[in-house]
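Since the structure comes first, as structure tokens, the remarks are kept for the end.
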Amino acid sequence: MAILEEYRDRFVITNQRVFRVHGVLATARASVPLLRILDITVNKPVIGRWLNYGHFVFESAAQVQGLNKITFVKDIDQREDVLRMVMSGDMPQQISASAEDDGT
């Protein structure tokens with residue numbers, strides 16, 4: 001069941017929102033509008049640097065929300081670059097679809 005749960009964990013960046021969907025039998029969804037994100041912190045533990053993953057921590061204009069921390073994000077440096085480009089409006093909409101994560 002743990003393997004299915006890991007497989008069912010998705011982190012998606014669109015031109016308007018950041019989403020996380022996870023769970024197998026019981027699912028949970030959380031999203032935050034890009035305009036609400038004030039700051040992004042990336043934490044990469046030592047093993048994460050070796051295995052190419054990290055953790056996002058979002059600070060938003062609202063208080064505690066359902067999406068303030070996303071853990072174990074694959075290729076986190078690339079995801080952070082895409083997220084910052086989308087937030088600044090420098091990325092065309094069709095390219096932002098490639099930011100969808102296949103396994104995390």
Side-chain angles (χ1 to χ4, degrees):
M1 185 65 111
I3 293 172
L4 287 176
E5 192 170 317
E6 286 299 317
Y7 179 73
R8 183 71 172 99
D9 195 355
R10 296 283 190 255
F11 169 58
V12 181
I13 302 168
T14 70
N15 62 337
Q16 295 180 359
R17 302 182 81 75
V18 175
F19 292 92
R20 180 178 183 222
V21 180
H22 62 97
V24 177
L25 299 176
T27 62
R29 293 184 301 268
S31 69
V32 64
L34 286 176
L35 296 175
R36 294 277 225 174
I37 297 175
L38 300 176
D39 192 29
I40 302 168
T41 302
V42 175
N43 296 322
K44 289 175 68 173
V46 173
I47 194 161
R49 292 176 58 95
W50 294 332
L51 299 176
N52 197 22
Y53 75 85
H55 314 293
F56 277 123
V57 179
F58 298 118
E59 292 186 31
S60 67
Q63 291 182 351
V64 176
Q65 292 185 348
L67 186 66
N68 59 351
K69 186 173 184 181
I70 301 177
T71 56
F72 302 103
V73 178
K74 178 180 155 187
D75 300 325
I76 194 154
D77 294 324
Q78 178 186 7
R79 305 288 188 255
E80 180 186 20
D81 292 343
V82 169
L83 186 55
R84 291 195 187 278
M85 284 191 290
V86 170
M87 288 175 64
S88 67
D90 292 341
M91 178 173 257
Q93 186 174 355
Q94 67 270 17
I95 296 175
S96 65
S98 68
E100 183 176 343
D101 190 357
D102 292 330
T104 356

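Index from 1, following the sequence.
- The hydrophobic clustering, which links ILVMFWY residues whose side-chain heavy atoms are closer than 4.5 Å, places Leu35 and Val18 apart.
- Annotation: side chain of Asp77 is in contact with side chain of Lys44 (closest heavy-atom distance under 4.5 Å).
- Residues Leu83 and Leu34 are in side-chain contact: their nearest non-hydrogen atoms beyond the backbone lie under 4.5 Å apart.
- Atom CG of residue Leu38 and atom CZ of residue Phe58 lie 12.0 Å apart, to the nearest 0.5 angstrom.
- Residues satisfying the side chain to side chain donor-acceptor pair (under 3.5 Å) criterion with Glu59, sequence neighbours excluded, are absent altogether.
- Using a distance-only test at 3.5 Å, with no hydrogens or angles considered, no donor-acceptor pair links the side chain of His55 to the main chain of Ile70.
- Atoms CG and CD1, from Asp81 and Ile76 in turn, are 11.0 Å apart once rounded to the nearest 0.5 Å.
- Arg29 pairs by the side chain to side chain donor-acceptor pair (under 3.5 Å) definition with nothing, not counting sequence neighbours.
- Looking at heavy atoms from C-beta onward, Lys69 lies out of side-chain contact with Phe56 at the 4.5 angstrom threshold.
- No single ILVMFWY cluster, assembled from side-chain heavy atoms under 4.5 Å apart, contains both Val32 and Val21.
- Scored by the side chain to side chain donor-acceptor pair (under 3.5 Å) test, Arg84 finds Glu80 as partners (sequence neighbours excluded).
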